[in-house]
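Read the structure below first, then the notes.
Counting convention: from 1, in listed order, for ligands and their atoms alike.
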Amino acid sequence: MFENKSSRTELEALGEFGLIKHLTQFINLKNESSVKGVGDDAAVIDYKNKQTVISTDMLVEGVHFDLTYTPLKHLGYKSVTVNLSDIYSMNATPRQILVSIALSNRFSLEAIEELYSGITLACDRYGIDLVGGDTTTSQSGLVINVTAIGEADKKNIVYRDGAKESNLLCVSGDLGGAYVGLQLLEREKKIFKENPGVQPDLEGNDYILERQLKPEARKDLPLIFEGLEITPTAMIDISDGLASEILHICTQSGVGCNLYEEKIPIDPMTFNRAREFNLDPTTCALNGGEDYELLFTVDISHYEKIKDNPDISIIGHISDKNSGCNLVSKSGTVHPLKAQGWDALLKK
Ligand code: ADP
Ligand code: MG
């Protein structure tokens, strides 16, 4: 892709159109549905008899990411995968993205090339075409907006509002890792600020660091559902924490649920590091967020098909609305499920 340069090239040297041309020069459209990509006033896509699924997300420097510990290549990759996650959570297949960036002269061409190499890597891994975007200036911080577009058969699309009483409540992968990874990065940043000579001690923490810096979207889940001949009744991706997402499904579906603490999947590294930070691992899973796993409900008749699937955990069941949304703790006590957000976590 971009050639390796050790020097710094100012963005002014290229101008807006030069920069767009430079960043998009290696794009080869892969999908039949991508009729027209970068280079006209609008992209053209053709999904024939399918439905179109669209989602967008904005990432703002200082709010959603911190460039002191986020490599730009990872940031580019993550800005794509978090958007694709929203398309997979509809049980749809993403095909195209548009990327809009606001830049200040603080960034060199080489820095933006890094960002785009992460974006391009994600496009290749997920089979997506970058078909357009916008480039503009910012007074200081970096802003990245990605719009993802995908397709699905109408009958396969899964909404948040379809959960039914007695459905199984399920989640892919494991939870809490991204939040604990963030705590580690924030700790090292603090140490570095106080003692600039000290090198960060991040060794042996690859899994949780990747969960935070370079998350993957669950591309495999729609395929697993297809293979098992299952259509979830409701689905959502976990961006804000398990508790918040369960409450979204239950509120929108007009149901209650019982979530069992002992069933929540937590990786051993996440568990151990959380403890070292004096954080409750369950709270990290419930309220940490950014795991980009899929939370879904299925009819109980599918129990046999999913009970031994290594990618899926059954964490509870859907009940009637009047029973409320409950967390059954490991000791058996029942608490109303609350979406506490990050503030509550930090006070622990
Ligand atoms: P307009 O003036 O009509 O907004 P632009 O000059 O902004 O057009 O964009 C020209 C082409 O380059 C369009 O196809 C647009 O989608 C694409 N483009 C602009 N910025 C980016 C970007 N950051 N990444 C990818 N494509 C971009
Ligand atoms: Mg434009």
Is there any N or O on G133 that sits under 3.5 Å from an N or O of ligand 1? yes

Short list, please: which atoms of ligand 1 are under 4.0 Å from a heavy atom of G132? 16 (O), 25 (C), 26 (N), 27 (C)

The side-chain hydrogen bond (donor to acceptor under 3.5 Å, both in side chains) partner of Y69 among K189, E188, E186 is E186

Going through the checks in order, is the side-chain contact (heavy atoms from CB on, under 4.5 Å) test met by L75 and L142? CA-CA 11 Å; L75 181 62; L142 174 64; 4.0 Å; yes

Can you see whether H335 engages T333 through a side-chain donor-acceptor pair at a distance of less than 3.5 angstrom? yes

Going by the order shown, which atoms of ligand 1 are within less than 4.0 Å of some heavy atom of F17? 6 (O)

Taking the six-membered ring for Trp and the single ring otherwise, decide whether the centroids of Y116 and H22 are under 6.0 Å apart. no

Under 4.0 Å from any heavy atom of D41, which atoms of ligand 1 are there? 3 (O)

Taking only heavy atoms of V99 into account, list the atoms of ligand 1 that are under 4.0 Å away from them. 22 (C), 23 (N), 24 (N)

Considering only heavy atoms, does I20 approach ligand 1 within less than 4.0 Å through its side chain, its backbone, both, or neither? side chain

Would you confirm whether the ring centroid of F296 sits within less than 6.0 angstrom of the ring centroid of F225? yes

With heavy atoms and a 4.0 Å threshold, my read on which part of D40 contacts ligand 1 is backbone

Flag for T233-N167: side-chain donor and acceptor within less than 3.5 Å: yes

Which one of Q96, K48, R95, E151 satisfies the side-chain hydrogen bond (donor to acceptor under 3.5 Å, both in side chains) criterion with S33? Q96

Which ligand 1 atoms, with their elements, are less than 4.0 angstrom from a heavy-atom of G39? 11 (C), 13 (C), 14 (O)

Would you say the side-chain atoms of N145 and T56 include a donor-acceptor pair closer than 3.5 Å? yes

Using a 4.0 Å cutoff against the non-hydrogen atoms of D134, which atoms of ligand 1 qualify? 7 (O), 19 (C), 20 (N), 21 (C), 23 (N)

Could you tell me, atom by atom, which parts of ligand 1 come under 4.0 Å of a heavy atom of Y116? 22 (C), 23 (N), 24 (N), 25 (C)

Short list, please: which atoms of ligand 1 are under 4.0 Å from a heavy atom of T24? 25 (C), 26 (N)

